[in-house]
Amino acid sequence: MILMSDVFENVMDLAKRRGFIWQTSECYGAVAGFIDYGPLGAMMKRRIEDIWRNFYVIEEGYYEIECPTIAQEAVFIASGHVKGFSDKMCQCPHCKEYLRADHVADGGGISGASTMTNEALAAAIAACKCPACEEVLGTVEVYNFNLMFATTIGPGSQRIGYLRPETAQGMFVDFARLLRFYRDTLPFGAVQIGKSYRNEISPRQGMIRLREFTQAEAEIFVHPDKKTHPKFARYADYTMPLLTYVHQQNGEEAVTMSMRVAVDKGVIANEYVAYYVALTHDLLVTIGVKPDRLRFRQHLPDERAHYATDCWDAEVFSQRFGWVETVGIADRTDYDLNAHAKQSGTPMTVFIQYTEPRKENRRRIIPNMSVLGKQYRQKAKAVFAALEHATPTADGADVVVDGETIHIPANLFEVRDEVVDIRGEEIVPHVIEPSYGIDRMCYAVLEQAYDEDTVDGEKRTVLRFSPRVAPVQVAVFPLMTRDGLDTIADEITHTLKRKGILAEYDDSGAIGRRYRRQDEIGTPFAITVDYETKETRTVTVRDRDSMKQVRIGIDTLPQTISALVNGDMKFTSLPAHQNL
RNA sequence: GCGCCGAUAGUGUAGUGGUUAUCACUAGGCGUUGCCAACGCCUAAACCCGGGUUCGAGUCCCGGUCGGCGCACCA
C-alpha cells in the first residue's frame with residue numbers, strides 16, 4: 001500500500017501515543033531494555049498469550065505451570081548458565097575493544113585460562129597482543145560478565161539466587177512431580193508463560209531485545225527412540241518454506257515442502273520438531289503474521305547449542321530489522337534432565353515397561369553377613385560390595401579391597417543362578433522445546449498490522465489487527481447525543497460487556513472522528529445507533545478494514561459480535577451489505 | 001561498553017545568548033452537526049537531568065540518562 005518512510009517509528013509513535021507500549025518509569029528517566037505495556041498493549045499481549053494457550057494447553061493438552069522468576073544458584077549451575085552465561089572479559093587499553101580474556105589467552109598459547117582466577121588471567125595475558133589492534137595489552141583488568149541478574153535470598157544471607165534467564169528450567173526441576181501428575185507416561189509436556197531476565201550488554205531495537213521479557217515455552221518430554229508425534233497427521237501435509245543450514249551455506253533460497261516430506265528427507269530431525277514447526281507457523285499466522293513475512297530457518301551446526309540435535313527458528317520479517325528470530329524450536333535431547341539429575345542427586349527417569357518381560361539369567365552372590373561382618377568389621381561393607389562382582393571358583397572368591405586381596409572361602413557365601421523377569425527399563429526422556437518470544441510477537445503484530453490508506457483525500461491510519469488480538473473488540477456510538485440515541489448506545493454497550501466483549505462507548509466529536517480513533521487502535525467493528533434504531537431496533541455494524549456497514553437487529557448483536565470477534569464468522573458473510 | 005548523531009506541550013515542530021517560547025494536530029468543555037478526522041468559541045499542555053561559562057542559557061561548554069545508527073556482545 002502506502003510506502004511508509006519508517007514503519008518502526010510510525011508504529012512505536014502510535015504505540016506510545018495510544019497506550020500500547022512505552023518506556024518504563026519515564027518520570028525518572030527511562031532504563032534501556034525495559035518497557036511498559038500500556039492499557040491497550042497489555043490487553044493485546046494477553047490476547048496473544050491466550051491464543052498461545054489455546055494451541056498448547058487446550059489443544060495439545062500440556063498444562064501450564066507457574067514457577068518463581070528467582071531460583072537458587074544450584075539450578076543454574078546445573079543448567080550451565082552460571083558458567084556458560086558468564087564470560088571473562090577485558091578491555092584493550094589501546095583501542096578500547098572489549099575482548100574475551102580467555103580467547104586472548106588461547107590465542108597467545110596460554111592454556112588453562114578457564115581455571116585461572118581473574119587476577120592470574122590478567123597477569124598471564126599482559127604479554128599477549130590485542131587481536132583487534134595488535135598492540136601488547138599490558139596491564140588489564142579481567143572481570144566476569146554474567147548475563148544473569150544476581151541477587152541474594154533471605155536477610156543478610158549469602159545464599160545466591162538468580163533471576164531466571166529462561167522459563168525452561170522450572171519445568172525441568174519439576175520433572176519428577178510432573179511425571180507423577182501425568183501418571184508416569186510419556187509423552188507429556190508442561191508449559192509456562194512468564195518473565196525472564198537477561199542483563200544484555202546493549203539492549204537495542206525498541207522492544208526486540210529487552211532485559212526483562214516474556215517467554216512462552218513448552219517442554220515436551222518424549223521417549224528418545226519414539227520421536228513420532230501421535231498427532232502428526234494434523235500437520236503432515238502442512239507446507240511452508242524451509243531454509244535449511246545447507247541452503248544457507250550454499251547461499252540458496254528456502255524450499256517449500258510439506259512436513260511429511262521434510263521428515264522423510266531428513267531435513268527436519270524428527271516428527272516432533274516438524275510438528276511444532278508447523279504448529280508455530282499456524283499460530284503465528286493466527287495472531288496476524290503474514291505468511292510471506294514468515295520463514296523457518298535451521299540453525300547452522302556451529303550455531304546450535306552443544307546439546308541440541310536440531311533447532312529451527314521462526315523468523316518474522318520486519319521492515320526495520322530484517323528477519324527477527326521470534327520462536328526457537330529445539331530438540332534439547334536429555335541434556336537438561338541429566339544435568340539436573342547429576343546436580344541434585346534426584347533421578348529424572350521414566351520407567352518404561354516392556355510389552356513382554358525379558359527373561360534374563362542372573363547370578364547373585366549372597367554373602368553370609370553374620371560371619372563376614374564380624375570378621376571384617378569396618379571393611380565389611382566394601383567386602384560385600386566387591387563380592388557381588390566377584391568371579392567365584394570352587395574354593396571361594398578373591399576380592400580386592402583397598403588394594404588388598406582378600407580370599408573369601410566358599411562356605412561364607414552362596415551363589416544363586418536364577419532366571420529373572422526384566423519388566424522394563426529406566427530411560428531419560430528427550431525434551432522438545434518450542435520457545436516463543438512474546439514481546440517480539442507483539443511487535444510483529446503491531447508492525448504488520450500498521451497501515452495507512454487514503455479516504456476522501458485524507459490519510460487514515462489503521463491497525464489491521466486480527467479481531468482475535470484487537471484490544472478493544474467493538475466500539476458503540478450514538479449518531480447524536482440527543483433524542484435518546486445515547487441511552488440506547490449505552491445500553492447496548494453494557495449488554496455486550498456482560499457477554500464478556502470489550503466494548504467501548506464514545507460520543508465525543510463527529511462520527512467520522514470516532515471511527516478514525518478506533519481505526520487507529522485497531523478496533524475491528526463499530527456499532528452506530530441512529531434514528532432508524534428507534535423505529536426498527538436495528539443498528540449499523542461497520543467493518544474497520546472495508547469501512548462497509550450492515551444493518552442488524554439489536555437483539556442479535558451479542559452473538560454476532562462474538563462470532564465476528566472470535567473468528568467464527570466473517571464480516572462479509574453477514575447479510576444485506578449496504579453503503580450508507 | 002566505544003564511535004557518530006539526536007532530545008522543546010500527548011504527537012510533529014519553530015526558535016544562531018536578551019520581553020510572557022512559535023505553529024499545527026491531538027485532548028478536554030460548550031455550542032453546532034442525520035454516518036467516516038466538518039465548523040465556532042473556550043481551556044489544558046513543553047525546553048531530558050546535573051554542573052559550568054555569562055549580567056542573562058532552550059540556545060555555548062562538560063558530564064550523565066535515554067533514543068537511533070555503526071562496531072563489539074548476543075550460552
Side-chain angles (χ1 to χ4, degrees), chain A residues 6 8-10 12-19 22-35 38 76 79-87 89-92 94-100 103 131-133 143 145-148 165-166 168 198-206 208-211 303-308 320-321 325 330 335 453-462 475 477-483 485 507-520 526-534 539-544 546-549 551 578-580:
Chain A
D6 195 321
F8 172 76
E9 269 160 37
N10 290 336
M12 293 313 280
D13 171 53
L14 188 156
K16 201 197 306 181
R17 225 164 2 94
R18 302 308 303 268
W22 52 63
Q23 292 223 286
T24 195
S25 64
E26 282 178 317
C27 67
Y28 288 106
V31 187
F34 296 93
I35 57 164
F76 298 115
S79 70
H81 286 98
V82 169
K83 228 179 186 172
F85 235 49
S86 165
D87 295 328
M89 304 284 294
C90 66
Q91 188 179 22
C92 171
H94 312 291
C95 66
K96 309 292 181 196
E97 192 77 81
Y98 274 82
L99 306 165
R100 286 277 299 272
H103 290 181
C133 68
Y143 58 95
F145 185 81
N146 194 305
L147 251 36
M148 284 194 294
E166 59 176 19
R198 295 181 190 182
N199 200 0
E200 295 284 354
I201 296 168
S202 169
R204 286 276 182 89
Q205 303 178 315
I208 299 295
R209 201 145 158 220
L210 298 169
R211 289 187 167 128
E303 183 184 0
R304 284 201 294 255
H306 54 288
Y307 48 79
R320 173 63 165 252
F321 304 116
E325 175 195 343
Y335 175 84
D453 60 10
T454 306
V455 179
D456 297 333
E458 294 254 22
K459 186 176 99 171
R460 179 174 83 123
T461 303
V462 48
F477 308 143
L479 187 60
M480 294 292 137
T481 53
R482 60 171 189 236
D483 305 321
L485 300 187
D507 64 11
S508 150
I511 189 84
R513 176 181 294 273
R514 287 179 259 163
Y515 285 137
R516 290 296 187 278
R517 272 193 202 122
Q518 296 297 331
D519 289 341
E520 205 179 24
I527 294 166
T528 300
V529 173
D530 58 14
Y531 284 94
E532 213 177 314
T533 305
K534 294 177 77 172
V539 293
T540 62
V541 178
R542 178 243 195 203
D543 174 51
R544 175 197 64 206
S546 63
M547 306 204 314
K548 291 209 168 107
Q549 292 177 300
R551 185 169 282 282
Q578 50 186 303
N579 282 304
L580 302 177

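Note on naming: letters A, B, ... go to the chains in the order of the sequence lines (proteins, then strands), and numbering restarts at 1 for each one.
For the pair A:Arg460 (side chain) and A:Glu520 (backbone), a donor-acceptor distance under 3.5 Å is absent.
A salt bridge links A:Arg320 to A:Glu9: at least one charged side-chain nitrogen sits closer than 4.0 Å to a carboxylate oxygen. Using a cutoff of 4.0 Å between basic side-chain nitrogens and carboxylate oxygens, A:Asp507 and A:Arg482 are not scored as salt-bridged.
Here the separation of B:rU22 from B:rG15, taken at their C1' atoms, is 7 Å to the nearest Å. Rounded to whole Å, the separation between the C1' atoms of B:rA45 and B:rC5 comes to 29 Å.
Residue contacts shown for A:Arg460 are absent, as no nucleic acid heavy atom lies under 4.0 Å away.
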Within the 4.0 Å limit for protein heavy atoms, which parts of nucleotides 26-34 of chain B are touched? Write it as a string from 5' to 3', B for base, S for sugar-phosphate only, - for none.
SSS----BB
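Straight-line distance from the CD atom of A:Glu520 to the C1' atom of B:rG12: 13 Å, rounded to whole Å.
At a cut-off of 3.5 angstrom, the base of B:rC25 holds no donor-acceptor pair with the side chain of A:Arg17. Taking 3.5 Å as the limit, the base of B:rC48 and the side chain of A:Glu26 contain no donor-acceptor pair of atoms between them.
Taken together, the paired segments of RNA chain B that extend over three or more consecutive Watson-Crick or G-U pairs, each closer than 3.5 Å at both contacts, are B:1-7 with B:65-71, B:10-12 with B:23-25, B:27-31 with B:39-43, B:48-52 with B:60-64.
For A:Thr461 and A:Asp13, each mapped to the nucleotide of RNA chain B holding its nearest heavy atom, the one lying further toward the 5' end belongs to A:Asp13.
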Could you list, one pair per line, each protein nitrogen or oxygen that sits under 3.5 Å from a nitrogen or oxygen of nucleotides 66-70 of chain B, together with the distance?
{"unit_1": "B:rC66", "atom_1": "OP1", "unit_2": "A:Ala32", "atom_2": "N", "d": "3.4"}
{"unit_1": "B:rC66", "atom_1": "O2'", "unit_2": "A:Gln23", "atom_2": "OE1", "d": "3.0"}
{"unit_1": "B:rG67", "atom_1": "OP1", "unit_2": "A:Gln23", "atom_2": "NE2", "d": "3.2"}
{"unit_1": "B:rG68", "atom_1": "OP1", "unit_2": "A:Gly206", "atom_2": "N", "d": "2.9"}
{"unit_1": "B:rG68", "atom_1": "O3'", "unit_2": "A:Arg320", "atom_2": "NH2", "d": "3.0"}
{"unit_1": "B:rC69", "atom_1": "N4", "unit_2": "A:Arg204", "atom_2": "NH2", "d": "2.9"}
{"unit_1": "B:rG70", "atom_1": "O6", "unit_2": "A:Arg204", "atom_2": "NH2", "d": "2.7"}

